[in-house]
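Here the structure is laid out as structure tokens; the discussion comes afterwards.
First the proteins, then the strands, lettered A, B, ... as listed; each starts at 1. What you see is a predicted model, and the numbers here were worked out from it, not measured in a lab.
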Amino acid sequence: MSNKNKWLDYLLNIDRKVVYVIIFLSVALPFFLNPVVDIQPTKWVSAVYDEMEEAARTNKPIIIGFDYDPSTLAELDPMAKALLRHAFSRNIKVLGLNFIPNGTSLAATTMDDVAKEFGKEYGKDYVFFPYLPQYDLVLINFGDNFRKSYTQEFRGQPLENIPMLSNLQNYDDFHMVIDLSGTKLPTAYIMYGVTRYHFKFVTGCTAVSATEYFPYLQSGQMIGLITGMKGAAEYEGLVKANLNLPTGDGMRGMASQTWGHLVIIIFIVIGNILYYVRRRMSMEIK
Amino acid sequence: MKNLLRLLVILIVVSFAFNSYSVDTVVVTGKDSPNDKGEAIDIKWNLDTSLKTSATKVFVFRKVQGEAEYKQVKELDITAEYFNDKNELKNNTPYMYYLEFRSATGEVVYKTNEYGPFVAFPQWVNTDKIPTFIFSLVAMIIILIFIRVAKSGRKLYVRPLPGVQAIEDAVGRATEMGKPMIYCPGISVISDIATLASISILSRVSEIVAEFGSRLVVPNYDPIVYSVTDEVVKGAYVKVGRPDAYKADDVYFLTQRQFAYASGVSGLMAREKPAANFFLGWFMAESLILAEAGSMTGAIQIAGTDSISQIPFFIVACDYTLIGEELYAAATLMGEDTRLLGGLKGQDYVKLIAMILLIVLFVLKLFGVSGIDSILVGGN
Amino acid sequence: MFFKKTVPFIFTLSVGIFSFFYYFMPHAFMQELWDKASQWAIIIGGGAMFVGVISMVRAYYKRATNKSDPNRYFAMLTIICFIAMTVIGLISGIKPGSLFNDIFVGIMIPCEATMFSLLAFYIASAAFRSFRLKSFSAGLLLFSAIILMLAQIPTGENISPAIPWLKGWILDYPNVAAQRAILIGIAIGSVATALKIILGIDKSIYAGVGGK
Amino acid sequence: MSHDPWVWVAAFFTIAIFSYLWKENPLYRFAEHVLVGISVGYLVCINWFNVLLPKLVEPIMNNGEYILIIPGILAALMLFRFSQKIGWISFWPLAFLIGFSGYAIPTVIETNMLTQIQATVNIPLTGGWFEIASGLLIIVGTLACLVYFYFSYPHKGVVGKTAQFGSMLLMISFGASFGFTVMARISLLIGRVLFLLRDWLGVVS
């Protein structure tokens, strides 16, 4: 009786560091096994893919808001790369926006890297606008004419010298707007943009804030949602299946994602079983 | 009534500017685009299928009526059948338009006749936003009424909350066991409603603590919030008539960095072995560390936050959790902050109107009343 | 008294009323005034950021010069890094490929990304040691959470196609109802907050001034 | 094994922050203090090149828009927040910025209330019994959750039952965001482990 008790107590008050090692291994080991993992795309990710194909057909440019910083890089950068690869492979012109100061260099580097893969030229096929504060005012003015808020692009040239922007004025000239963020920015795009100008809007969000966007999907204010690293993996799967482009870090991390989730589920189940066994035993002693 | 009014306005606008007369395989129609500052004309045209295959681009040409020279204003893909002309367009001046359909090689496949004159003029009020205007006024008036009523000191009914009972039981249990309690007022600034609610609850909790002489430790994240909590706890001891029993170093400023605060409070819990922990206010990802450290010491844990992303963790790790606005309601029941009471009641009645609106519209829709599905947010 | 309280109140009230009616009135007159005001606001917003910079430098300078603080030298290190990064940025520019960008990639990304990845460890230890099925609500929550977690990994799809379908259904129906109610509640709350600030009922925005 | 010095610097800082898991130590404190200093310096430069230079300095210098000096002065006034005597002068620009929340009142009401109520009413109750039941669930569920957050009427009888049903829906929704949060946290760790194993050590493709 007593050593079972002692064993339970040891397990229930196990040192945190043991748990840390277990979760670290469950994430690190699968990288060595690199099992092939195929992902079924969900409804809202396929909707984004189809909308991008529609943009290719009407050959209108798209806007991508890179509103993430290093803290949510792991989930949103694979998404950004998958979307950019899809856009560039279909010759869709991309305008990059940014309202998170800590993410400016991240967005510029990501766009340049993917553009280099497809031989796309800055200023002709893609352009990146600088960071601006007061995003609510910038989003409102973007519906009238973005030249009211932006006088130069990120590298310092005035907007007149950018061939891609010559025919563009506001949201109507773009097929859709995609915002990648873990912050409140997507809600701001809806409040200050979609409500006033009714353009097609898609969000790529961190999994933490995914549930709060579903009312906007149901009401039609948003037409697609990519959720976290799994969403990125789904999109990479779609792009690979249809356009045979290489998959990125989203798919690469899915094996570790699987092990990581299973470990957490097992922890919750075992933790509760031990807790109730311990409580019933202490009830018997009393 | 509102729909009739809106139909009337649109009819006038359409009849005045809607004039396309010549017969043509491609008919171009134009009118001032409604509800805007003017300087915009909506151009529409219908495409027969033969054009769609032969041409790939549509070019829109425009000139002021009476001028000689046409100017190209827009280049569109063949799939487009609508164009909102907004660039450098002046109000109250008649414009003539014609379209050119060109193939991939650029040679003109088809050129339409001239259409117009179309005139753009500004509107003072966006008729689609009338429902929003009405609802905004109603909401603002109700909120202001209740702020004034609460300030005048009148007692307003707030339903009993099981959470308030849970807090008082936890304080009672800790006092019985003679063990300390830890109270975290959240990691936000003083102007945050969640922090104000937390301080209002703290004032009641510290009154009970002062009465029974148990010990309450309050580690703070924000220096200004610290100065307020210090004031509140000391005030409770004075109110109970035992000013000397107040231990100043139990209420202190710990740190203003998120994870340092979490590990600081975890260390405090490991050392003091409290019987009850309170996490009331605005929290971020560090809530996980606090709740876990607290549950390891076996203490009763009561949490309350309006930070939606942290509520799931508090629910599974704590004994009772006040969800979202329940934190404000508990604060009005436990403290005497009339601002919180006014805010809560005002928002409650606006919520009641939202519920009634939802029910009424749903019932009207069941009875098949037309126009319900765009009554609140205009035609678009 | 006039300059301290009344003038700011006039600013907030006038801009507040103007921007409220700008929402409903698209006329060119309102539009031009709005363009001017919003362009000024963006510039002031750029200035507002320096307030954060100064409060950080002051806090760390105070710690660096306080003899008794054990972390004195670390605080000095922060000030040095701040000055170095600012100077490098102003000289080398911020475009990809500049030294400024290399420091961002080499130091800021690993520090910030790793700081938040610690949460994976905390959630793992919390999952084992503190997530308990104490009430019916917590039980319902954990059931829904486990369905979600299983549905996110291929294992869930292999166990049975019902799991991904159930995840989709949970997200598109119960979750929409709950989040919509929360959305409406927060919307009313933010209307009340904005109203109190514009009408000057709530002055705590101006608390904490004067070098505290 | 990577030869890029910056990758080695990044690996050093990654390990330094991970060391916090063992216990708070000087290596972690070094990394944290460097991060604070660099990120604030980063903010200054981004703000200078992207905001102040193109929006304030160049318009005044090159095309002589001297009117912009006024917002420039107002922006500078913000810094007086720290002076003992005339700290209140910093209220003026702050008050100007705060005024724009006047636009937020109608926007929030249309975006997060009226459109949501309209979308709930517009739910098509057609198709099989399951679609109708699910549609009704959103309508009744939204009302139930609103009743749960309603504090001016005691939760007894029918109202109590509705609120209880609402709290069940809330728990299911919180469970969903709990499951998603687990994925988010693990993804962040995956990102760092992938950096260490692939970009730094090169033991993984």
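- Annotation: side chain of Y103(D) is not in contact with side chain of D136(A) (no heavy-atom distance under 4.5 Å).
- Taking all atoms of both residues into account, the shortest heavy-atom contact from A104(D) to Y192(A) is CB-OH, 3.9 Å.
- The distance from the CG atom of D249(A) to the OG atom of S187(D) is 11.5 Å, given to the nearest 0.5 Å.
- Listed by chain and residue number, R180(C) satisfy the side-chain hydrogen bond (donor to acceptor under 3.5 Å, both in side chains) test with T120(D) (two or more places apart in sequence, or in another chain).
- Scanning residues 13-35 of chain D against chain A with a 4.5 Å heavy-atom cutoff picks out L21(D), W22(D), ordered by number.
- Within the 4.5 angstrom heavy-atom criterion, no atom of R16(A) approaches chain D.
- Contacts between I264(A) and chain D at a heavy-atom distance below 4.5 Å involve the side chain alone, from C-beta outward.
- Only the side chain of Y20(A) comes within less than 4.5 Å of a heavy atom in chain D; its backbone stays farther off.
- Nearest approach of G228(A) to M183(D), heavy atoms of both residues: CA-CE, 3.9 Å.
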Derivation of the side-chain contact (heavy atoms from CB on, under 4.5 Å) call for L197(D) and F32(A): CA-CA 9 Å; L197(D) 298 180; F32(A) 295 98; 4.1 Å; yes
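- For Y66(D), the OH atom is loosely surrounded, since the number of other residues' heavy atoms within 6.0 Å does not exceed 12.
- Of the atoms belonging to T206(A), not a single heavy atom falls under 4.5 Å from chain D.
- Within a 6.0 Å sphere centred on NZ of K17(A), other residues, nucleotides and ligands contribute more than 12 heavy atoms.
- At a 4.5 Å heavy-atom cutoff, S26(A) makes no contact with chain D through either its backbone or its side chain.
- Most heavy-atom pairs under 4.5 Å with chain A: of the set T115(D), N47(D), N122(D), L196(D), this distinction falls to T115(D).
- Heavy-atom distances place the side chain of Q134(A), and not its backbone, under 4.5 Å from chain D.
- The CD1 atom of I109(D) sits 12.5 Å away from atom OG1 of T195(A), with the distance rounded to the nearest 0.5 Å.
- With a 4.5 angstrom heavy-atom cutoff, Q257(A) touches chain D via backbone and side-chain atoms both.
- Closest approach of P101(A) to Y42(D), counting heavy atoms only: O-CE2, 3.3 Å.
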Stepwise side-chain contact (heavy atoms from CB on, under 4.5 Å) test for I23(A) and R185(D): CA-CA 11 Å; I23(A) 193 75; R185(D) 305 298 188 222; over 6 Å; no
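- Inspection of non-hydrogen atoms places Y216(A), Q218(A), S219(A), Q221(A) of residues 216-225 of chain A under 4.5 Å from chain D.
- Heavy atoms closer than 4.5 Å to chain D are found in the side chain of I268(A), but not in its backbone.
- Among the residues in residues 49-63 of chain D, those with a non-hydrogen atom closer than 4.5 angstrom to a non-hydrogen atom of chain A are N50(D), V51(D), P54(D), K55(D), E58(D).
- For I265(A), no part lies under 4.5 angstrom from a heavy atom of chain D.
- Taking every heavy atom of both residues into account, N112(D) and M191(A) meet most closely at ND2-SD, 4.0 Å.
- Between F174(D) and T211(A) there is no side-chain heavy-atom pair separated by less than 4.5 Å.
- Between S105(A) and I46(D), the shortest heavy-atom distance links the atoms OG-CD1, 4.5 Å.
- In terms of heavy-atom pairs under 4.5 Å with chain A, the best-connected choice from A119(D), A184(D), S173(D), G191(D) is A184(D).
- Contacts with chain D were tallied for I140(A), T187(A), L132(A); I140(A) has the most, counting heavy-atom pairs under 4.5 Å.
- The part of T72(A) that comes within reach of chain D is its backbone (N, CA, C, O), which places non-hydrogen atoms under 4.5 angstrom from that chain.
- The candidate from T181(D), I186(D), L43(D), I138(D) with the greatest count of non-hydrogen atom pairs under 4.5 Å with chain A is I186(D).
- Residue with the most contacts toward chain D among A207(A), G182(A), P78(A), A74(A): A207(A) (heavy-atom pairs, distance under 4.5 Å).
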